[in-house]
Protein chains: 2
Amino acid sequence: MASDQTRTAILAAAERLYADRGFGDVTLRDIVAEANVNLAAVNYHFGSKDELIAELFVTRSIQTNRERLNELKAAEERGGGRAAIDDIMRALVGPPLRGCLGPNREGSTAARFMIRASIESVPPIRRIKNREVDHLRKFAAAMRRALPGRDEAELYWGLHFALAMAHHTIREKERLLRLSEGKCDLDDVAGIIDRVVTVSVMALTHGEAPSKPVVRPMVAHGRLTRQDL
Amino acid sequence: MASDQTRTAILAAAERLYADRGFGDVTLRDIVAEANVNLAAVNYHFGSKDELIAELFVTRSIQTNRERLNELKAAEERGGGRAAIDDIMRALVGPPLRGCLGPNREGSTAARFMIRASIESVPPIRRIKNREVDHLRKFAAAMRRALPGRDEAELYWGLHFALAMAHHTIREKERLLRLSEGKCDLDDVAGIIDRVVTVSVMALTHGEAPSKPVVRPMVAHGRLTRQDL
DNA sequence: TTGCTTTTCAAACATTTGTATGAAACTATC
DNA sequence: GATAGTTTCATACAAATGTTTGAAAAGCAA
């Protein structure tokens, strides 16, 4: 078996170009030029352009999903089989937020690619995203265990809003930065995660005390804290 | 001056096709065929394909923005110059949610077009969305008056999260429906607006009592209510 | 009608695009 | 080192697409 350095070079070049210029503006010829390989190599190694994009996206998605499930599992073990709702939401929104935001990730091609994939929406990526429902069901199940007796629809709305805040922050971070004239610190990823988790849990428990205080103890700037009850 | 029925026919056909099949799958030839006009008519009347898309989107955007500002103005008059935070958030998320969701809007081309524009993201639409910041500043100003002394960043985060929940609900309504197996009622627009407003206000006031109870008094299914403090 | 502007039309343009082909180069196994 | 399988390469293909053109048609004012 030959070294698949051509395959790898194509993947790296494609991810970089898509991240920088978007899916609409990058052609296969751009990619092979960047990767210094022949035009036909893409179809030889991946079958088609769409399959190349799909492979890029599933790779990163699997990464995020694995981190999510790891965090969920850890939280469940910590809680003796039943994770606290805070930790569940944190496991849900933490990985994608950490993966896409933050100053350290500034130059990360993977991060910029995932942001791009969240802004633009091309058919191969949409197809993969549609399969995400099965993955989310695991979180719905954990939430059901954490908040037994709670109306099912409420759980789904809470899950939905948590993803809304996380994804919208990733997708619209430039606009939020511009709107707030820099007052919102998009580099403080931990603080953002706390924010999203806190609001999600508030939405789910509608104001009741959470099962326990939010885990992360301190953040530099004034972020949301629970001061009710 | 001739009747611009050709212009109008193109706009209608384009909006319908884009709404149904997305921006990526619809060509100028599809549009002119649907409108029963000549291919060159698009460039004659609009200059380019992108300008046609832009005109479609600005028309609908202006509609939403006007409704928002009307609601905001009404709320400010009700409050003697200072609108309650609930009403501000409601003015922000109500119009787009009402415009895109609900069973009555099922067949509305405008609604489906705006949903599509929120899912796919093409350059001409992105350009227009970037100008939306000025519009949002008016809401930020109203929020500042409603919650004086509050940290500026907190206000922007609340605004950001409100938009996140509203837009994400519009954009991912099919997925939420599938994930919840129909348990989340996407046709109950008023209930959804209440939900988003309630959570947004909770995020902004982090658990404190709101300036007044949420306006809408009753909804059929069990939705979020404030029971804290 | 005459003359001028606006609008429509068929046709062609000029690229751009992803994909396919068939030969050449390379690699590894016997 | 011959052979079979794999990979690379230059090139061609074929189709789609937004845009342009120049003439014909339609409107309209005098």
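All values below were derived from every heavy atom in this structure, side-chain atoms included, with hydrogens, water molecules and symmetry-related copies excluded. Keep in mind it's a predicted model, so treat the numbers as computed, not measured.
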State, to 0.1 Å, how close V93(A) and A162(A) come at their nearest heavy-atom pair, and which atoms those are. CG1-O, 3.7 Å
Using whole Å, report how far CG of D30(B) lies from P of dT17(D). 7 Å
Apply salt bridge (Lys or Arg N to Asp or Glu O under 4.0 Å) to E55(A) and R7(A), showing your working. CA-CA 11 Å; E55(A) 172 149 347; R7(A) 236 187 97 91; 2.3 Å; yes
Whole angstrom value for the distance that separates C1' of dA20(C) from CZ of R29(A): 12 Å
Here the distance between atom C1' of dT19(C) and atom CD of E51(A), to the nearest Å, is 12 Å
Atom OH of Y44(B) to atom C1' of dG22(D): distance rounded to whole Å? 14 Å
From CD of Q5(A) across to P of dT6(D) the rounded distance in Å is 18 Å
Between N38(A) and dA10(D), is there a contact of a side-chain N or O with OP1 or OP2 at under 4.0 Å? yes
State, with a plain yes or no, whether a side-chain heavy atom of D50(A) is found less than 4.5 Å away from one of V122(A). no
Heavy-atom closest contact (C184(A) atom, Y156(B) atom, distance): SG-CB, 3.5 Å
Contact class for A40(A) (heavy atom, under 4.0 Å): base, sugar-phosphate, or nothing? base
Does N43(B) make a side-chain N or O approach to OP1 or OP2 of dG18(D) shorter than 4.0 Å? no
Which heavy atom of N38(B) sits nearest a heavy atom of V32(B), and at what distance? O-CG1, 3.6 Å
Is there a side-chain polar atom (N or O) of T6(B) under 4.0 Å from OP1 or OP2 of dT7(C)? no
Nucleotide dT19(C), atom P - distance to CD1 of I10(A) in whole Å: 13 Å
If I take atom CG in residue D4(A) and atom P in nucleotide dT6(D), what distance separates them, rounded to the nearest angstrom? 15 Å
L39(B) CG to dA10(C) P, straight-line distance once rounded to whole Å: 10 Å
Here's a test of your reading of the structure: between G47(A) and T27(A), which maps to the more 5' nucleotide of DNA chain C? T27(A)
Look at H45(A) and dT8(D) and indicate whether a side-chain polar atom (N or O) is within less than 4.0 Å of OP1 or OP2. yes
